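Predicted model only: the values in this text are computed from it and were never measured.
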Amino acid sequence: VQLQASGGGLVQPGGSLRLSCVASGFTLDDYAIGWFRQAPGKEREAVSCAQSAYGVKDYADSVKGRFTISRDKAKNTVYLQMNSLNAADTAVYYCAAARTGPYTLVACKIDEYTYWGQGTQVTVSS
């Protein structure tokens with residue numbers, strides 16, 4: 001199981017970025033995929049999770065209405081579209097996977113996710 005995150009960068013406040021998480025060695029059908037982030041001096045936190053089961057998507061309150069998570073089964077990739085970015089969104093973003101099977105839901109919490117990719121830096125600054 002491997003996860004490759006990409007798409008980070010430097011963006012101005014109000015701008016947008018799309019992060020990608022490419023999965024290899026497993027199929028997304030059996031896994032929930034989550035995006036988490038860690039800002040300097042802060043604990044890692046959940047941003048958004050896309051469940052395999054029932055198309056359920058979870059968002060942290062701080063990103064609701066601005067971020068959208070999506071799954072592309074054909075590309076075995078999960079995306080995080082981030083709009084209206086602000087300085088508080090500056091962090092290293094990680095994608096992670098939790099094996100759930102097609103019908104089980106898991107909480108969008110760090111402890112539920114077993115496999116982690118490397119991070120991608122997102123910096124929001126003018």
Side chain of R44, backbone of I110: donor and acceptor closer than 3.5 Å?
-> no
Do Q4 and S6 have side-chain atoms, one donor and one acceptor, less than 3.5 Å apart?
-> no
Is V106 reachable from W116 through a run of hydrophobic residues whose side-chain heavy atoms are each under 4.5 Å from the next?
-> yes
Does the side chain of D29 come under 3.5 Å of the side chain of S52 through a donor N or O and an acceptor N or O?
-> no
Answer whether the closest heavy-atom distance between the side chains of P13 and N86 falls below 4.5 Å.
-> no
Residues clustered with Y31, ILVMFWY side-chain links under 4.5 angstrom | V1, L3, V11, L17, L19, F26, L28, I33, W35, V47, Y59, V63, F67, I69, V78, L80, M82, L85, Y93, Y115, V122, V124
Remaining members of hydrophobic cluster (4.5 Å side-chain criterion), L10 | none
Point-to-point distance, once rounded to the nearest 0.5 Å, from SG of C21 to OH of Y94 | 13.5 Å
Minimal non-hydrogen separation, T100 against A32, with atom names | OG1-N, 3.8 Å
Non-hydrogen atoms of G34 and C49 that approach each other most closely = CA-SG, 3.8 Å
Minimal heavy-atom distance between C108 and A46, with the atoms involved, is O-CB, 3.3 Å
When every non-hydrogen atom of R37 is compared with those of D89, the smallest separation belongs to NH1-OD1, 2.9 Å
Decide yes or no for S16 and Q81: does some side-chain heavy atom of the first lie under 4.5 Å from some side-chain heavy atom of the second?
-> yes
Sequence-distant partners of K42, side chain to side chain contact (heavy atoms under 4.5 Å, CB included), two or more places apart | A39
Check A5 against Q118 and note the closest heavy-atom contact, atom names and distance.
-> O-NE2, 2.7 Å
Has the side chain of D30 got a donor or acceptor atom that lies under 3.5 Å from a matching backbone atom of R99?
-> no
Nearest heavy-atom approach of Q51 to D58 is NE2-OD2, 3.3 Å
Please report the C-alpha distance between V22 and Q2 in whole Å, then the side-chain angles of each, then the deciding distance to 0.1 Å, and finally whether the side-chain contact (heavy atoms from CB on, under 4.5 Å) criterion is met.
-> CA-CA 8 Å; V22 180; Q2 288 190 327; over 6 Å; no
Are any side-chain N or O atoms of S84 and backbone N or O atoms of G14, one a donor and one an acceptor, separated by less than 3.5 Å?
-> no
Less than 4.5 Å apart, any side-chain heavy atom of T27 and any of N76?
-> yes
